[in-house]
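The sequence lines fix the lettering, A, B, ..., with proteins before strands; numbering per chain opens at 1. From a predicted model like this one, the values you see are computed outputs, not experimental measurements.
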Amino acid sequence: MPELPEVEVVRAGLERHVRHATITVVEVLHPRPVRRDPGGPAGFAAALRGRRIDTVRRRGKYWWLGLDNGDALLGHLGMSGQMLVRPPGAPDERHLRIRFGLDRPLELRFVDQRMFGGLLVSPGGADLPAEIAHIARDPLDPEFDQVEVARRVRRRTSGIKRLLLDQTLVSGIGNIYADEALWRAGVHGDRPGTRLSRGQALEVLGQARAVMAEALAEGGTSFDALYVNVNGQSGYFDRSLHAYGREGSPCDRCGTAIRRVAFMNRSSYYCPGCQRPPRRGPEPTPR
DNA sequence: ACTACGTCCTGCTTGC
DNA sequence: TGCAAGCAGGACGTAG
């Protein structure tokens, strides 16, 4: 599940390998990944053919290629998306959805099994696509204002985990890093924002930034030069996780068994020993 | 403005 | 052995 660190690894890989290249061919093999592009597959392809890639940027889990005409190719990897750089003769991946030919012996490929991700052309979006104007700055953005975000968190009644996943409040955090940040801060995800102290709100946000920065540092090598066989969900950071996916294992801090509870059609992992549930409010469902 | 929930997708795993 | 349910979950639309 690509969250901010994984997307940043992809962004850096794209910058290294395809920046300054010109797109010569666009082949849309499945319409779904361009569903958000008003031009549809044909318009999408036509708008990109002949364009040179000038910049490669990211905000939260979105990334985009700034093009020489001021437009942008905006992308989101969703759950299972990958942007791969391959030699043109390489066999098609099973879930290859979009192929870009370049003016160099490389192909850019969007591969996505479940197609929650997608690409679109953003007119005039090279600096910041209008389509993601609602996405907040992420914790690794130099202009991220942690104090202001903490203030906003403390005015919201939703549980802190839900707030961490709200991309209009703070972007880039997904289910895994939300659980890790909360474990590190010793705060239960069901605690309402309004019931966090100023220090706790700042601590949770600071831990979110820290865990994602550490994951990024460990993932810096996962985007290989020519043969990018790495998928966005690679396990390079798994060893460093303290909560996510560790149901039943002893907490690394206090030894209590990590618990998994249902949360918004997914799972939350936490330590009942050092992340005490709020007294009032939703009772975590065991199992 | 905020909150909460349903939906989209496919393939692997689990259970009867 | 076969088949269906369960599970993974980010972002968005919608209703309240």
Side chain of [X] only, heavy atoms from C-beta on: which candidate in [options] is closest?
X	options	answer
A:His134	C:dC12, B:dT3, C:dA8	C:dC12
A:His95	B:dT10, C:dG10, B:dT3	B:dT10
A:Tyr269	C:dA8, B:dA4, B:dC2	C:dA8
A:Gln167	B:dC5, C:dA11, C:dC12	C:dA11
A:His76	B:dC2, B:dA4, C:dA11	C:dA11

Problem - Residue pairs, two or more places apart or on separate chains, that pass salt bridge (charged side-chain N to carboxylate O under 4.0 Å, His left out) and touch residues 119-135 of chain A - result: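 Matches after skipping sequence neighbours: A:Arg57-A:Asp127.
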What integer distance in Å separates [X]:[atom1] from [N]:[atom2]?
X	N	atom1	atom2	value
A:Asp112	C:dA8	CG	C1'	14 Å
A:Arg36	C:dG10	CZ	C1'	11 Å
A:Arg156	B:dA1	CZ	P	12 Å
A:Arg114	B:dC12	CZ	P	12 Å

Exercise for the section: Kindly give the heavy-atom pair with the smallest separation between A:Ala243 and A:Tyr269, and that separation in Å. Expected result: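 Taking every non-hydrogen atom into account, O-CB, 3.3 Å.
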Problem - Any residue meeting salt bridge (Lys or Arg N to Asp or Glu O under 4.0 Å) with A:Asp103, in chain and number order, not counting sequence neighbours - result: none
